[in-house]
Amino acid sequence: MLNQLLLYHMIFSDELVKWYNENKRDLPWRHTTDAYMIWLSEVILQQTRVEQGLPYFYRFAEKYPTINSFAAADEADILKLWQGLGYYSRGRNMLKTARMVRDEFGGKFPERYDDLIKLKGIGEYTAAAIASFSVNEPRAVVDGNVYRVLARYLGINEPINSTAGKKLFQATANDFLNMKNPGLHNQAMMEFGAMLCKPKNPACGICPVRIGCYAFVHNATTSLPVKLSKLKIKQRFFNYFLFTDADRVLMNKRGEGDIWANMYDLPLIETSTLLSPEELFALPETKKHFSERPEIVTISDVKKHVLTHQHLYIRFITIAKQPIEIKQKWGFIKVENLEKLPLSKPIFLFLDNFLN
DNA sequence: AATGCGGGGAA
DNA sequence: TTCCCAGCATT
């Protein structure tokens, strides 16, 4: 019996590659071995579904066809093109990496794992992906798909987000790597996980490797992979002020160390609970910003905006035009220049609705 | 080892 | 609602 299982494991990669060749999606980055283009696609696809990232890939590839054109961009330009995709540090790190490649690699994007891993925003997964897809360097990728496929196929109970689990899954992926064609093997593993061995309702009925699969044989696909607890959700209440002056809007540039770093939003008072307008304007922090109590024109309903780790309850308060002194370093932006600024999703939706 | 960082699609 | 997606950086 054990020998039989080992036999299945030996042809596991071949079966997946065969399945991949017959069922793969036609995606633009699968037609190139250009490390720069592969890097573009891989970073965009970090924690992001293919369907969501695809339009962004096209836009970036068109606007920045070379690493040097990317390196010459401003951070605001990159963030603007990244707008709506989330995890904006990816965009900021890409710019750092692009400039590093331009300045320290002579503008040729690295293709070897050991070079790639040193770059900003490139971790073990992305380095292995770029190296194997571009020059077939034998590095096994381990992403969410690979965790799931291996956990189910081998019946691994170790939590995928524990330190021991990460080491175990990386080692296991290395063992299974097809050394003849690492790039194809990696693509096949991930496509298989994304299309067939899905998180919910995996298509075991048409699975080419189910006969050797622990989870299929033991009916355990719903309990594998194992993942440790979830994080606590923080509740935050954002009171945004809309103050317009002729053809300008008072805007705020966000700092580092919080969500939406270096992006733009409106003047903001954050509270830990939901306050009435009266309570809000009685706050010392609010008074600090306005020399006199602003007149409220309209006040929106509180809208919930869900992030992975926090829930934002956002309210927009439109303030009447009056000769109040703005004491904060907020700045007026002309309406026609708003479209150049990188905006968070809720701010974009609000301004888009307000102005159009 | 634990936490922060977006937004959206699927069930 | 809950899960999780071609993860990484920081502390």
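Computed from a predicted structure; not experimentally measured. No hydrogens, no waters, no symmetry mates; every other heavy atom, side chains included, goes into these values. Below, chain A is the first sequence line, B the second, and so on; all start at residue 1.
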Length of the [atom1]-[atom2] vector between [X] and [N], whole Å:
| X | N | atom1 | atom2 | answer |
| --- | --- | --- | --- | --- |
| A:K345 | B:dC5 | NZ | P | 19 Å |
| A:H311 | B:dG6 | NE2 | P | 14 Å |
| A:Q46 | B:dG7 | CD | P | 16 Å |
| A:I44 | C:dC5 | CD1 | P | 19 Å |

Using a heavy-atom cut-off of 4.0 Å across all strands, would you classify [X] as base, sugar-phosphate, or nothing?
| X | value |
| --- | --- |
| A:I117 | nothing |
| A:E124 | sugar-phosphate |
| A:D258 | sugar-phosphate |

Under 3.5 Å, which donor-acceptor pairs link side chains of residues 99-108 of chain A to any protein atom two or more places apart or in another chain?
residue	atom	partner	partner atom	Å
A:R99	NE	A:A71	O	3.0
A:R99	NH2	A:A73	O	2.6

Quick one: which of [options] gets closest to the side chain of [X]?
| X | options | value |
| --- | --- | --- |
| A:Y88 | C:dC4, B:dG7, C:dA6 | B:dG7 |
| A:P346 | C:dT10, B:dC5, B:dG7 | B:dG7 |
| A:N93 | C:dA6, B:dG4, C:dA9 | C:dA9 |
| A:T126 | B:dG6, C:dC5, C:dC8 | C:dC8 |
| A:W29 | B:dG6, C:dA6, B:dA11 | C:dA6 |
| A:M190 | C:dA6, B:dG7, C:dC5 | C:dA6 |
| A:Y87 | B:dC5, C:dC4, B:dA11 | B:dC5 |
| A:R148 | C:dC5, B:dG6, C:dC3 | C:dC5 |

Requested in this report: Give a yes or no on whether a donor-acceptor pair under 3.5 Å exists between the nucleobase atoms of B:dG7, that is its base, and the side chain of A:T48.
Outcome: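 Such a pair does not exist between side chain and base.
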
Query raised in the report: Under 3.5 Å, is there an N or O donor on one side and an acceptor on the other linking the side chain of A:R90 and the base of B:dC5?
Result: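 Donor-acceptor pair under 3.5 Å: no.
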
If the [atom1] atom of [N] is compared with that of [M], how far apart are they to the nearest Å?
| N | M | atom1 | answer |
| --- | --- | --- | --- |
| B:dC5 | C:dC4 | C1' | 15 Å |
| C:dC8 | B:dG8 | P | 22 Å |
| B:dG7 | C:dT10 | C1' | 22 Å |

Query raised in the report: How long is the gap from CZ on A:R315 to CD1 on A:I269, to the nearest 0.5 Å?
Result: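 Here the interatomic distance stands at 11.5 Å.
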
Return a table of donor-acceptor pairs under 3.5 angstrom between the side chains of residues 343-356 of chain A and protein atoms on other chains or two or more places apart.
residue	atom	partner	partner atom	Å
A:D352	OD1	A:N356	ND2	3.0
A:N356	ND2	A:D352	O	3.3

Report task. Assign each of A:V50 and A:K120 to its nearest nucleotide of DNA chain C by heavy atoms, then name whichever residue's nucleotide is nearer the 5' end. Result ->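 Result: A:V50.
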
Query raised in the report: With nearest nucleotides of DNA chain B determined for A:K200 and A:K234 from heavy-atom distances, which residue corresponds to the more 5′ nucleotide?
Result: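 The residue mapped nearer the 5' terminus is A:K234.
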
Query - 5' precedence on DNA chain B between A:K198 and A:L85 (nearest-nucleotide basis) - result: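 Whichever sits nearer the 5' end wins; that is A:L85.
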
Query raised in the report: So, are A:E191 and A:R30 salt-bridged, with charged N and O less than 4.0 Å apart?
Result: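 A salt bridge links A:E191 with A:R30.
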
**Report entry** Test: A:R49 and A:E51 ion pair at under 4.0 Å
**Finding:**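 A:E51 and A:R49: not salt-bridged.
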
